Amino acid sequence: MQDPNADTEWNDILRKHGIVPPKETPKDEEAEEEDVLQQQSVVKTYETLEENEDDFNEEDEHAIELYRLQRIAQWQATQVKNKFGEVGEISGQDYVREVTEAGKGIWVILHLYKQGIPICTLINQHLSVLARKFKDVKFLKAISTTCIPNYPDENLPTIFVYLDGNIQTQFIGPLMFGGMNLTKDELEWKLAESGAVKTDLEENPQKQIQDQLMTSIHT
């Protein structure tokens, strides 16, 4: 796709009629304003073309229409990819709306926890980081007994992984996580094995630790 910030006559025409946003300003200062302008340019109606149809021939209108469709598709893909980005807190009354009805093709990761349990606190910290990394996945947490009455503390932490409202994988109890030595990468790998996230880790971090231990033993 042509760079909308390039100084070309074609881009000047597109800017004049609102097809592309104004030329970029420094990203660190104007990031939010730029995103708003881009979204506004994408959702402009076809009235813009109708009002200025005398300025374009048939070939120009066809090119602009293709460009607009590309921009819409790009914007929609970005919105889906960056849909979430943080860990939401829910209770039992929110379960159906937030989990069962999360949406088709949406992965949901729900952590049942209780305050005062160190490994639950650790996992919540890891999930906060992973939620920012995998913004297309819905990360949730809930105090266990608000979702499942009398849920035993010995089963905590518990992580349920859902797709289309159905459980795909479950991790129950501290032994499933390796205790307080659990790292963020190890948790990411577990979630990747369930299919919920697409990790960029090349191998299981736990295997690296095991290899190091075996090397130490042999040495």
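The shown structure was predicted, so the numbers you read here are calculated from the model rather than taken from an experiment.
With a 4.5 Å cut-off between side-chain heavy atoms of Ile, Leu, Val, Met, Phe, Trp and Tyr, the cluster of I143 takes in Y113. Residue W189 belongs to a hydrophobic cluster whose other members are L201, with links defined by side-chain heavy atoms closer than 4.5 Å.
The main-chain N or O of V87 is never found under 3.5 Å from a side-chain atom of E89 such that the two would form a donor-acceptor pair. Of the possible polar contacts, one joining the D94 side chain to the S91 backbone as a donor-acceptor pair under 3.5 Å is found. In this structure, S128 contributes its side chain and N124 its backbone to a donor-acceptor pair below 3.5 Å.
When all heavy atoms of S194 and T169 are compared, the closest pair comes out as CB-OG1, 3.3 Å. Closest approach of A196 and V161 over heavy atoms only: CB-CG1, 3.8 Å. Pairing each heavy atom of M176 with each of K190, the nearest pair is O-NZ, 2.8 Å. Heavy atoms only, all atoms of each residue included: W107 and Q168 are closest at CZ3-CG, 3.7 Å. When all heavy atoms are compared, the tightest approach of P118 to M180 is C-SD, 3.7 Å.
Around CD of E154, the count of heavy atoms belonging to other residues, nucleotides or ligands within 6.0 Å exceeds 12.
Residue C147 holds its SG atom at 13.0 Å from NZ of K141, rounded to the nearest 0.5 Å. To the nearest 0.5 Å, atoms CD1 (I109) and OH (Y162) are separated by 11.5 Å. Expressed to the nearest 0.5 Å, how far CD1 of I117 lies from OG1 of T121 amounts to 8.5 Å. Taken to the nearest 0.5 Å, the CD atom of E193 stands 7.5 Å off from the CZ atom of F171. Within the model, atoms OG1 of T158 and NE2 of H111 stand 7.5 Å from one another, a figure rounded to the nearest 0.5 Å. Between the OG1 atom of T183 and the CG atom of L122 there is a distance of 9.0 Å, given to the nearest 0.5 Å.
Just one residue in the list R132, H126, K133 forms a side chain to side chain contact (heavy atoms under 4.5 Å, CB included) with V129, and that residue is R132.
For the pair L110/Y95, a side-chain contact is recorded, criterion being any heavy-atom separation below 4.5 Å from C-beta on. By the 4.5 Å heavy-atom criterion applied to side chains, E188 and D200 are counted as neighbours. Side-chain contact check for S144 versus K114: some heavy-atom pair is nearer than 4.5 Å.
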Report task. Dump the intermediate steps for side chain to side chain contact (heavy atoms under 4.5 Å, CB included) on I119 and L182, then the final yes or no. Result -> CA-CA 9 Å; I119 189 171; L182 177 73; 5.5 Å; no
Query raised in the report: Going through the distances and angles, do I106 and F84 end up as a side chain to side chain contact (heavy atoms under 4.5 Å, CB included)?
Result: CA-CA 11 Å; I106 299 296; F84 303 110; 4.1 Å; yes
